[in-house]
Amino acid sequence: MERPRHQGMTKNTYMRWRLPLVCLLWEVAMIVLFGVFVRFGPEADAHWEEEKREMNLTSDIENDFYFRYPSFQDVHVMIFVGFGFLMTFLKRYGFGAVGFNFLLAAFGIQWALLMQGWFHSFKNGKILVGVENLINADFCVGSVCIAFGAILGKTSPIQLLVMTLFQVTLFAVNEYILLNLLHVKDAGGSMTIHTFGAYFGLTVTRILYRPNLEQSKDKQGSVYHSDLFAMIGTLYLWMYWPSFNSAISEHGDAQHRAAINTYCSLAACVLTTMAFSSMLQKKGKLDMVHIQNATLAGGVAVGTSAEMMLTPYGSLIVGFICGIVSTVGYVYLTPFLESRLHIQDTCGIHNLHAMPGLIGGIVGAITAAAATEDVYGKEGFIKAFDFTGTYQTRTPSVQGGFQAAGIVVSLLMAFAGGALVGAILKLPVWGDAAAENCFEDDIYWEVPEDEESDVYHMHNPDKPASP
Amino acid sequence: MERPRHQGMTKNTYMRWRLPLVCLLWEVAMIVLFGVFVRFGPEADAHWEEEKREMNLTSDIENDFYFRYPSFQDVHVMIFVGFGFLMTFLKRYGFGAVGFNFLLAAFGIQWALLMQGWFHSFKNGKILVGVENLINADFCVGSVCIAFGAILGKTSPIQLLVMTLFQVTLFAVNEYILLNLLHVKDAGGSMTIHTFGAYFGLTVTRILYRPNLEQSKDKQGSVYHSDLFAMIGTLYLWMYWPSFNSAISEHGDAQHRAAINTYCSLAACVLTTMAFSSMLQKKGKLDMVHIQNATLAGGVAVGTSAEMMLTPYGSLIVGFICGIVSTVGYVYLTPFLESRLHIQDTCGIHNLHAMPGLIGGIVGAITAAAATEDVYGKEGFIKAFDFTGTYQTRTPSVQGGFQAAGIVVSLLMAFAGGALVGAILKLPVWGDAAAENCFEDDIYWEVPEDEESDVYHMHNPDKPASP
Amino acid sequence: MERPRHQGMTKNTYMRWRLPLVCLLWEVAMIVLFGVFVRFGPEADAHWEEEKREMNLTSDIENDFYFRYPSFQDVHVMIFVGFGFLMTFLKRYGFGAVGFNFLLAAFGIQWALLMQGWFHSFKNGKILVGVENLINADFCVGSVCIAFGAILGKTSPIQLLVMTLFQVTLFAVNEYILLNLLHVKDAGGSMTIHTFGAYFGLTVTRILYRPNLEQSKDKQGSVYHSDLFAMIGTLYLWMYWPSFNSAISEHGDAQHRAAINTYCSLAACVLTTMAFSSMLQKKGKLDMVHIQNATLAGGVAVGTSAEMMLTPYGSLIVGFICGIVSTVGYVYLTPFLESRLHIQDTCGIHNLHAMPGLIGGIVGAITAAAATEDVYGKEGFIKAFDFTGTYQTRTPSVQGGFQAAGIVVSLLMAFAGGALVGAILKLPVWGDAAAENCFEDDIYWEVPEDEESDVYHMHNPDKPASP
């Protein structure tokens with residue numbers, strides 16, 4: 001039991017046997033399941049030469065690897081460095097931010113390969129994986145990283161692993177409903193990743209509500225250098241978002257278009273974020289919280305429509321609006337959610353992912369409904385919305401309706417799933433910290449006793465020196 | 001009005017209405033102009049299937065996206081993380097460095113898409129954009145980031161936005177003169193980006209000369225961790241420079257060659273920078289300022305010639321020389337420029353971009369003039385210099401002459417443009433800070449009151465606690 | 001002579017003439033050798049159009065540049081940011097970590113281009129370079145960066161340059177023996193890069209044993225932010241390792257497969273590292289040293305086998321084991337090596353590179369020995385192991401034997417080479433620091449006199465203020 005400062009508030013945060021047990025158990029499970037189910041897809045298998053002949057491909061460059069691997073690596077950076085460092089803004093929770101994000105994502109991608117594989121790449125009893133599966137697994141984990149943002153600093157690593165297990169499962173189910181049953185387009189995941197991930201996380205944090213969290217209020221802020229570390233995360237998310245939204249689009253024009261739309265939306269978003277960050281503050285100064293987060297809302301909000309013919313100016317408009325919505329959310333909505341609805345949202349994912357995700361779903365529905373053969377060309381129209389087979393007769397307006405339905409389904413899954421998982425995480429066995437120890441690395445980490453911490457304690461003479 | 005320390009020196013740095021106004025106005029203008037002018041190019045448009053048939057392309061991999069997108073992402077990282085973090089070396093200006101760079105670049109790329117689009121991608125009244133346009137927009141903004149380096153810490157965000165508006169415009173005009181009228185080669189932008197950007201910025205900072213800048217001398221240095229943050233910027237610029245110089249070269253050998261030449265030049269540059277950094281200091285110690293900057297001069301200096309048959313050893317020689325020139329510049333020239341010519345160059349862009357840019361232009365002219373059909377092959381020769389159509393009869397030595405003319409034009413545009421823009425920025429309406437408040441984030445940013453700042457003030461007991 | 005604290009212990013660390021001399025001499029040598037030997041390969045040469053016709057290639061996209069350049073850039077980031085920042089964990093050696101790594105790597109890649117070129121790309125008296133040579137040069141330097149980890153903080157920059165010269169040479173010889181004479185597969189370098197590099201470095205540090213190193217014990221730890229800087233290095237190594245192991249594999253399925261296997265191995269490794277980091281510590285807390293390092297062991301350990309049909313679950317198993325081995329190594333073996341065998345291994349490369357490298361070699365031998373035509377397909381089998389020409393009749397089990405021989409050769413080369421180079425570095429002319437000045441930047445660097453260092457000294461009142 002670490003650092004019992006207030007009598008009666010102490011909790012057992014001792015991880016020594018519980019964390020290893022969970023990690024090892026789950027990794028062993030992964031190995032067994034991979035052993036039974038996972039094999040290389042035809043483009044990664046040594047039989048590729050035969051496949052090439054069969055597919056009538058003349059060059060190795062036609063291997064999907066060369067279409068998608070650069071985008072995959074960008075997405076990979078977004079998940080591990082992007083989300084990881086974005087959350088290091090807290091003054092004494094940098095290890096937890098980047099380290100726990102690392103842990104949950106490393107587990108999550110394995111479980112996602114299985115879950116998504118069963119739904120989408122299952123053939124003759126085997127899951128056949130290729131680079132697209134890796135991207136999708138990263139995407140799935142992205143939604144967990146988003147949810148992690150809401151509960152950052154308030155949960156134990158075990159809780160995060162439990163949450164990852166369930167959220168990945170639910171993500172895969174929701175994704176299956178949207179993509180396969182509703183035949184919805186959502187290449188950049190406005191609905192499946194952002195809307196689902198954010199409302200899931202918000203529901204979880206609502207259920208884990210901590211009434212005494214103001215006891216660790218002093219640790220909920222940033223310090224100068226932690227804000228710069230967070231900017232590393234922000235910029236990598238911002239720069240690579242065009243890769244994120246285009247990574248699994250159709251080869252050719254769709255990937256190309258998705259990147260351009262996202263580039264435009266993000267650029268516009270920066271300007272309105274800066275504008276409102278200054279405008280909403282009495283002294284007119286810019287707030288790093290907004291710059292770190294709201295500048296990214298434009299990427300979230302074109303997640304569904306980026307591969308469609310949204311057009312560059314359409315993207316600018318979406319980015320313009322979302323920079324405003326997100327920044328206003330940070331200033332007015334986050335305090336309201338906390339005080340009235342008891343939703344403690346550490347990173348403000350409601351502003352960065354939930355609202356822009358919803359907007360993204362709606363923009364996608366409208367863009368799909370407005371599609372015409374004139375704009376897309378006859379072939380392009382069919383290809384863009386995959387109006388083939390069963391869906392041959394679906395019209396744009398019907399597609400728009402199904403897109404809208406996708407938003408609703410994602411919301412319902414998020415609320416129901418979040419409530420369930422929140423309830424599980426509330427069980428008193430997972431080793432989360434007491435309210436006054438939240439947002440503090442040294443509960444779960446060996447923290448170097450450095451000059452800075454000396455200084456820290458020097459300025460808090462009433463506190464006992466840390467162990 | 002923030003922190004009036006000295007009577008009579010106070011300036012109105014209140015941004016609350018001015019900054020939002022400028023941001024919103026310009027973003028609205030972008031939306032309108034994009035709405036009127038910008039559309040997807042044929043490789044990003046949903047009509048791509050038809051285009052493919054017309055162009056007789058058999059595979060989606062022939063889409064320019066797959067030739068250039070990885071390079072684009074590298075360039076994107078250089079602009080936002082590279083330049084942004086390179087400038088975080090100042091002890092209390094990290095937010096401004098990375099944040100204002102973010103702001104000006106996000107606006108600049110939009111305006112550059114338009115300006116460059118009108119000159120180079122205009123067809124039937126529309127600007128048709130693809131991945132090459134995104135790269136070029138990033139390039140254009142690169143020249144603004146360079147100029148920002150000269151005035152870092154001394155300007156308001158509004159001034160930066162105004163400067164970006166004008167500089168992007170002038171950049172596009174200068175680029176048009178060089179590439180289209182003079183038919184000059186400059187794929188990595190030694191002339192268009194570095195020479196132009198640097199002398200533009202130096203002219204601006206000359207005109208904005210602040211006689212009392214020594215009042216903020218204590219803030220012009222670095223601290224230990226800010227130097228490490230800056231190294232993130234340095235390394236990303238250094239590592240990705242091969243992508244920068246090859247990003248818009250012809251498909252195939254030219255891209256390949258440009259990357260190799262740049263790789264070689266940069267490697268050599270590191271060794272001479274280290275050598276002279278140690279040699280020019282009495283104690284023989286290395287200076288982080290040199291390592292952070294002069295190591296990059298090799299990339300600047302092969303910006304024109306990298307795609308030519310400069311050869312690896314030619315590149316090494318160029319890098320060798322530029323590491324020396326740049327380091328010597330930091331030691332001897334920067335103080336001279338400040339004391340004698342009243343050019344206050346915060347980041348030393350004269351050493352990193354201006355001189356190496358000039359060298360790069362000259363090396364390009366020589367390499368072009370020395371080209372022979374023997375070295376390039378008959379086809380390669382024509383392809384490398386685009387000696388087709390009107391230019392069918394141009395000889396290498398004439399090309400060399402035009403290349404040299406390109407340097408002169410870039411310089412003239414930089415001086416004239418810089419003088420004009422400097423004069424505009426001198427107007428007392430833009431909210432720049434007083435001399436003693438320069439290089440300080442808390443004029444324009446909400447800065448966390450952290451331990452470090454406590455320490456800071458503790459060691460400056462004569463200063464009042466910050467607000 | 002800097003900061004002579006203890007009489008009789010002072011050493012001449014004055015670099016002013018020695019470092020510049022070495023840097024300039026070696027760079028001049030590079031220029032001369034490049035001038036004599038290095039030319040563009042056919043895919044980077046302006047004669048590429050003719051080459052294309054000869055090779056019957058229809059598109060520029062068939063240029064090797066487009067198959068490998070994205071991977072090259074990822075590897076480049078691993079060498080300069082990955083290794084550089086990984087070593088910034090020390091509280092006052094960040095400049096040395098990232099700066100000296102920069103120096104030695106920039107020199108090393110040039111020398112490696114020559115050494116490897118003579119062995120592998122020599123044609124008609126010229127070394128013909130292309131993107132694959134750049135990757136291989138980066139790989140070769142990777143082994144030097146690894147060895148640097150063992151002696152981090154205890155050597156002068158001149159020693160590092162001398163070591164680089166010799167180690168690159170020996171690396172190329174060893175690589176030639178393995179790849180050409182033994183016909184061994186080692187695309188990700190478990191043997192050539194990790195086993196060789198690590199045991200080489202460990203032998204060097206053994207010979208440079210410093211009995212009084214505890215005098216600088218206080219500087220051998222990290223501070224809070226230095227641990228976060230190190231995580232930047234860790235994550236970039238971790239994320240881009242799939243590119244590392246696949247960068248020079250055969251086009252098509254082999255590159256694809258290598259990336260997937262590495263991705264899987266690394267993911268599993270994170271979980272067992274976390275598990276054992278917590279388990280092996282009495283308080284059950286996680287240790288950043290393990291997270292920063294042991295999480296990468298999975299990438300090392302599939303370096304040989306990743307391009308083979310190791311299968312995803314095989315990769316998980318390898319990662320699972322290596323996370324454990326590496327973490328246990330940090331806890332028990334590193335102290336043992338230091339106290340008993342007098343091997344002072346600053347970064348613990350024995351745990352991250354030596355042991356996992358050995359495991360990687362063994363896994364590779366087993367995977368090769370177990371290969372069947374059934375699993376690989378007839379063509380795939382021949383292609384995967386290059387069983388053509390002289391090696392047409394080699395069987396998998398013979399191949400396995402040769403793979404095992406490759407491990408032994410790499411070890412012998414490492415021990416012999418390390419002993420030789422260690423002896424050379426022991427000469428008292430290279431300007432290394434006294435034991436009490438180890439792990440301190442201000443021996444070789446101008447260090448800003450910042451708040452933090454004030455604080456530092458404030459808490460060490462018995463020490464004199466630094467110069």
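Each chain gets a letter, A, B and so on, in the order its sequence line appears, and its residues count up from 1. The basis for the numbers below is simple: all heavy atoms, side chains too, and nothing from hydrogens, waters or symmetry mates.
Separation of the B/Phe139 and B/Phe244 ring centroids falls under the 6.0 Å cut-off. The distance between the ring centers of A/His225 and A/Phe229 does not fall below 6.0 angstrom.
Taking chain A as the reference chain and counting heavy-atom pairs below 4.5 Å, the highest number among B/Val28, B/Ile31, B/Leu21 is found for B/Ile31. Counting heavy-atom pairs closer than 4.5 Å to chain B, the top-ranked of the candidates A/Lys383, A/Glu307, A/Met309, A/Lys378 is A/Met309. Residue with the most contacts toward chain A among B/Gln73, B/Glu50, B/Arg39, B/Met15: B/Gln73 (heavy-atom pairs, distance under 4.5 Å). Ranked by heavy-atom pairs under 4.5 Å with chain B, the list A/Asp227, A/Val289, A/Leu228 is led by A/Leu228. If you tally non-hydrogen atom pairs under 4.5 Å between each of B/Gly99, B/Cys23, B/Gly41, B/Ala97 and chain A, the highest count goes to B/Cys23. Listed options A/Met308, A/Met288, A/Gln292 were ranked by heavy-atom pairs under 4.5 angstrom with chain B; first place goes to A/Met288. Note on A/Phe276, A/Tyr240, A/Tyr66: by heavy-atom pairs under 4.5 Å with chain B, the leading option is A/Tyr240. Your options are A/Ala268, A/Pro70, A/Gly221, and the one with the most heavy-atom pairs under 4.5 Å with chain B is A/Ala268. Ranked by non-hydrogen atom pairs under 4.5 Å with chain B, the options A/Ile260, A/Ile291, A/Asp287 are led by A/Ile260.
For B/Leu113, the part sitting under 4.5 Å from any heavy atom of chain A is the side chain, from C-beta outward, and nothing else. Interface remark: A/Cys269 contributes no atoms to any contact with chain B (heavy atom separation under 4.5 Å). Interface residue B/Ile232: only side-chain heavy atoms are found under 4.5 Å from chain A. Heavy-atom distances place both the backbone and the side chain of B/Phe95 under 4.5 Å from chain A. Residue contact with chain B, scored on non-hydrogen atoms closer than 4.5 Å, is absent for A/Ala384. If you measure heavy-atom distances from B/Trp445 to chain A, the contacts under 4.5 Å come from both the backbone and the side chain. Residue B/Asn133: no heavy atom, backbone or side chain, is found under 4.5 Å from chain A. At a 4.5 Å heavy-atom cutoff, B/Asp74 makes no contact with chain A through either its backbone or its side chain. Heavy-atom distances place the side chain of B/Phe72, and not its backbone, under 4.5 Å from chain A.
Among the candidates A/Glu132, A/Glu250, A/Glu43, the single residue satisfying the salt bridge (charged side-chain N to carboxylate O under 4.0 Å, His left out) test with A/Arg68 is A/Glu132. Of the candidates A/Ser315, A/Ser246, A/Ser305, A/Asn261 forms a side chain to side chain donor-acceptor pair (under 3.5 Å) with just one, namely A/Ser315.
In this structure, the side chains of A/Phe320 and A/Leu271 stay at 4.5 Å or more apart for every pair of heavy atoms.
Using a 4.0 Å cut-off between charged side-chain N and carboxylate O, B/Glu49 and B/Lys52 make a salt bridge.
Checking A/Tyr224 against B/Asp441 by side-chain atom types alone, a donor-acceptor pair falls below 3.5 Å. A donor-acceptor contact under 3.5 angstrom links the side chains of B/Tyr69 and A/Ser243, judged on distance only.
Contact detail for A/Pro242 and A/Trp238: the closest heavy-atom pair is CD-O, 3.8 Å. The heavy-atom pair separating B/Met30 from B/Trp111 by the smallest distance is CE-CE3, 3.6 Å.
Contact annotation for residues 55-65 of chain A against chain B (heavy-atom separation below 4.5 Å, listed by residue number): A/Ile61, A/Glu62.
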